[in-house]
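Shown next, in structure tokens, is the structure this report addresses.
In what follows, chains are A, B, ... by sequence order, proteins preceding strands, each numbered from 1. What you see is a predicted model, and the numbers here were worked out from it, not measured in a lab.
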Amino acid sequence: VTATEGRCVAEDPPLALARYRAGLRAFLSSDRSLDAWRGAAEPSVEAMLEAHSALMAELATTGWSRHGWPAEAGGLGGDLRHRAVLYDELAAHDLPVPAQYALLETMAPAMLNFAPSLARKFLPAFLNGGEWWGQGFSEPDAGSDMASIRTQAVRDGNRYVLNGQKLWTTYGATATRLMCLVRTGEPSSRHRGLSMLFLDADSPGVELRPIALASGRNEVAEMFFQDVTVPCSRLVGAENDGWAVAMYLLQFERASYAWLTSAVLLAQLRRLRRELAGYGELAARTFARAYLDVVALRCSSIATVRRLADGETVGPEASVDKILLARAEQSVFDAARQLLEPVLEIGGAGVDAWRADWWYSRAATILGGSVEIQRSIVADRLLRLPRE
Amino acid sequence: MMDEQLRDLLRSSLRKVIGSGVELRRSLDGLGWSEVVTDDAEGATTLLFTEHGRALACSRALEEVVLAALGPRDVTDVRSAVVVPMPPAPDWRVDPARPAAGLVLAPLRDVDELVWPVWSGSAETVVRLAPCDVRVEAMDLMDGTLGWHRVTPLVEFHTGEPATTSAAVAAARRALSAEIIGASAAALDLACEHTSVRRQFGRELATFQAVRHRLADAHVAITSASGALSVAWANTSSPDGGQWAAAVAKFEAGRAQATVATHVLQVFGATGLTREHPLHRFVTRAATLDVLFGSHRQIEADIGARLMAGATLEPVAELV
């Protein structure tokens with residue numbers, strides 16, 4: 001770590017994890033330019049994403065967010081452990097963990113693994129906050145049953161023509177690029193006839209519409225494709241191999257995303273504690289349960305993060321993390337709702353953020369494979385019970 | 001750290017000796033267990049106590065963990081029994097002027113002395129008593145196969161010798177967590193076997209989603225407790241000696257046994273409630289172990305009180 005013009009800048013790779021954390025802590029606690037983001041509560045998803053991309057740019061310029069990513073992604077080397085430490089330390093220093101990092105964590109590893117040339121071309125702009133991408137998996141008739149996807153990509157020479165609709169894309173309305181699971185095989189081909197396509201959101205024929213959750217925030221989006229042309233060079237993985245790409249991607253969604261969320265949840269609990277005026281024994285117990293749910297998530301997730309960082313494949317056991325993640329997320333915001341009662345119901349200080357977070361936490365048991373799907377995976381593949 | 005192959009080998013050896021009727025200490029000496037512990041304290045302790053729980057064993061294994069954690073002692077050839085905190089006391093913190101009742105985990109046969117830890121304010125000590133210095137009473141335990149007895153001092157406590165009682169609490173909690181996990185895992189295994197065979201409406205019970213999801217949740221609870229336990233071991237060299245992480249692990253194991261009991265007792269149907277079927281033994285063993293050194297509900301309340309008083313929200317699991 002070197003001081004350049006009075007600022008703490010990460011030096012070249014690879015920084016050992018302990019040194020990385022020590023340098024990062026020094027930077028996050030001393031750099032006054034970060035104060036603009038400290039404890040900020042943005043009034044809308046759009047304003048939040050804008051503020052967070054500015055923070056991503058700051059972290060990339062100073063080098064701290066480039067650790068943990070390979071050179072192809074614009075990184076300085078290292079592995080998932082560096083990224084996990086970055087999320088922990090941002091949250092611990094009262095800074096937001098940019099929401100786009102959750103998207104980066106799910107899509108970047110798949111792109112690096114299955115389409116390295118696309119990764120080299122596009123990932124650096126994502127890492128430095130220049131743009132973010134939407135992940136198009138769900139459709140009106142393909143939610144938990146992902147193999148029934150109908151959005152169709154028809155091959156025409158060295159390009160595809162895309163038609164269909166995607167739904168529930170997180171931060172999709174303002175995304176620059178989209179990673180979509182589409183059908184390239186026969187309509188009845190289930191998971192065998194799917195491919196992963198990477199396309200520009202401003203391609204002719206793409207329409208993005210935000211969907212407001214009950215809180216009023218545009219957390220998700222729907223996407224319409226009408227005769228959208230996508231070059232075959234934008235395939236992530238081989239044609240009809242999209243299911244493997246999606247499964248690879250989901251490992252990270254159930255591991256890195258879980259860890260990142262646990263760091264954010266600890267920060268949310270600190271925020272909740274600051275806002276609790278008085279408390280009784282019952283309040284202490286509710287607060288402790290939420291804290292212990294977050295710690296349980298971290299205790300399970302840490303082994304998964306280490307395994308992924310070491311290049312191992314994580315199988316059905318990641319479903320345990322996903323279930324613990326959903327429990328922790330809902331537990332924290334249920335605790336906030338109970339302990340702050342009746343602020344969420346009738347208003348009060350900070351109500352918008354708490355409401356938005358409470359509503360978004362309801363999605364924790366639905367998105368990325370509902371908790372029912374996860375329990376069935378545990379029953380089938382870990383307990384090896386007879387099939388339904 | 002032991003590899004999978006060694007772990008499997010040790011596990012099958014432990015399964016043979018724990019059920020053999022020979023005193024566990026002698027069997028473990030025969031296996032050269034102390035070397036295994038020296039090489040990998042976490043692997044050895046977790047394996048031993050998990051199998052201990054699975055086998056519903058009764059032994060002095062927990063007392064040995066506590067004695068080792070209290071600190072070295074130069075006297076040998078003394079057969080000691082450890083007095084553990086009488087629930088609901090979660091640890092040995094007492095008013096030194098009025099030592100309350102304690103608990104011994106086995107009848108005081110062939111015992112030369114009682115080791116009674118006392119944690120008063122800042123002083124952590126142990127007091128040694130002769131067996132005739134205490135009154136010993138049988139207890140009415142939910143798990144009647146445990147040989148626990150209540151002991152009440154009949155003499156004034158003299159000033160004790162220094163000992164690391166806080167470290168002993170943490171060590172006991174880690175061992176008990178493994179034992180609770182073992183008993184709960186055995187109960188879940190029984191439930192999976194039962195529901196995979198028992199048929200109603202022309203199909204196995206385990207093909208009904210309502211049953212599968214209960215069993216899945218029980219598995220998640222046990223896996224989560226195992227994760228918390230290995231993190232507790234990774235925290236033994238943290239500034240607080242791993243006490244906070246050990247409390248978290250004990251909480252998770254205690255919560256897991258409650259979750260597992262709820263689900264396995266339901267999916268077994270009335271059979272699981274009978275004296276004849278062994279299921280109740282695993283459920284009651286895990287529940288009885290939960291109340292030692294602080295039940296999960298007590299630990300939750302204690303952590304809540306500390307957090308509300310301003311304690312750091314420890315991340316517990318950290319990559320560095």
Next item on the list: For the pair Arg298(A) and Glu318(B), find out whether any cationic side-chain nitrogen is under 4.0 Å from an anionic carboxylate oxygen.
Entry: no
Next item on the list: Would you sort out whether Arg273(A) and Leu313(B) count as a side chain to side chain contact (heavy atoms under 4.5 Å, CB included), showing the intermediate values?
Entry: CA-CA 10 Å; Arg273(A) 186 168 66 176; Leu313(B) 281 97; 3.4 Å; yes
Check: What part of Gln209(B) gets closer than 4.5 Å to chain A, counting heavy atoms only: side chain, backbone, both or neither?
Finding: both
Note to self: Need one label for Asp321(A): side chain, backbone, both or neither, based on atoms under 4.5 Å from any heavy atom in chain B.
What the structure shows: neither
Notebook entry, point to check: Which heavy-atom pair separates Pro386(A) from Thr207(B) by the least distance, and what is that distance?
Noted result: CB-CG2, 3.9 Å
Checklist line | Segment of Arg384(A) engaging chain B (4.5 angstrom heavy-atom cut-off) | finding: neither
Item checked: Under 4.5 Å from a heavy atom of chain A, the part of Leu229(B) involved -> neither
Item checked: Which portion of Leu382(A) sits near chain B, non-hydrogen atoms under 4.5 angstrom -> side chain
Notebook entry, point to check: Should Arg212(B) and Arg375(A) count as side-chain neighbours, where that means a heavy-atom distance under 4.5 Å?
Noted result: no
Checklist line | chain B contact via Ser262(A) - side chain, backbone, both or neither, heavy atoms under 4.5 Å | finding: neither
Checklist line | Thr223(B), part contacting chain A, at a heavy-atom distance under 4.5 Å | finding: side chain
Margin query: So for Glu372(A), is it side chain, backbone, both, or neither that comes closer than 4.5 Å to the heavy atoms of chain B?
Written below: both
Margin query: Taking side chain as everything from C-beta outward and backbone as N, CA, C, O, which of these in His213(B) sits under 4.5 Å from a heavy atom of chain A? Side chain, backbone, both or neither.
Written below: both
Notebook entry, point to check: How long is the span from the CG atom in Leu272(A) to the CG atom in Leu307(B), to the nearest 0.5 Å?
Noted result: 11.0 Å
Margin query: Under a 4.5 Å cutoff for heavy-atom pairs, which residue among Ala305(B), Pro315(B), Ala301(B) has the most contacts with chain A?
Written below: Pro315(B)
Item checked: Side chain, backbone, both or neither of Glu204(B) within contact of chain A (heavy atoms, under 4.5 Å) -> side chain
Next item on the list: Under 4.5 Å heavy-atom distance to chain B, tell me which part of Val305(A) shows up: side chain, backbone, both or neither.
Entry: side chain
Next item on the list: State plainly whether the residues Arg255(B) and Asp293(A) are in salt-bridge range, i.e. N to O under 4.0 Å.
Entry: yes
Check: Ala18(A) versus chain B, heavy atoms under 4.5 Å apart: side chain, backbone, both or neither?
Finding: both
Notebook entry, point to check: Side chain, backbone, both or neither: which part of Ala228(B) has a heavy atom under 4.5 Å from chain A?
Noted result: both
Next item on the list: Taking the side chain as every heavy atom from C-beta outward, state whether Leu319(B) and His82(A) have any atom pair closer than 4.5 Å.
Entry: no
Notebook entry, point to check: Is the shortest heavy-atom distance from the side chain of His219(B) to the side chain of Val320(A) under 4.5 Å?
Noted result: yes
Check: Distance-only, no hydrogens or angles: does the Tyr291(A) side chain make a donor-acceptor pair with backbone N or O of Ile303(B) under 3.5 Å?
Finding: no
Margin query: So for Leu383(A), is it side chain, backbone, both, or neither that comes closer than 4.5 Å to the heavy atoms of chain B?
Written below: side chain
Checklist line | Structural part of Val231(B) lying under 4.5 Å from a heavy atom of chain A | finding: side chain
Checklist line | Region of Arg387(A) that comes under 4.5 Å of a non-hydrogen atom in chain B | finding: backbone
Check: Is a side-chain donor or acceptor of Arg285(A) paired with a backbone partner of Arg297(B) at a separation under 3.5 angstrom?
Finding: yes
Notebook entry, point to check: Which atom pair, heavy atoms only, marks the closest approach of Val316(B) to Cys299(A)?
Noted result: CG1-SG, 4.3 Å
Margin query: Nearest 0.5 Å, please: how far is CG in Leu292(A) from CD1 in Ile299(B)?
Written below: 9.0 Å
Next item on the list: Would you mind checking which part of Ala256(B) comes under 4.5 Å of any heavy atom in chain A, side chain (CB onward), backbone (N, CA, C, O), both or neither?
Entry: neither
Next item on the list: Look at Ser300(A), Ala84(A), Ala296(A) and state which one has the largest set of heavy-atom pairs under 4.5 Å with chain B.
Entry: Ala296(A)
Notebook entry, point to check: About how many Å separate CG of Leu385(A) and OG of Ser196(B), when rounded to the nearest 0.5 Å?
Noted result: 5.0 Å
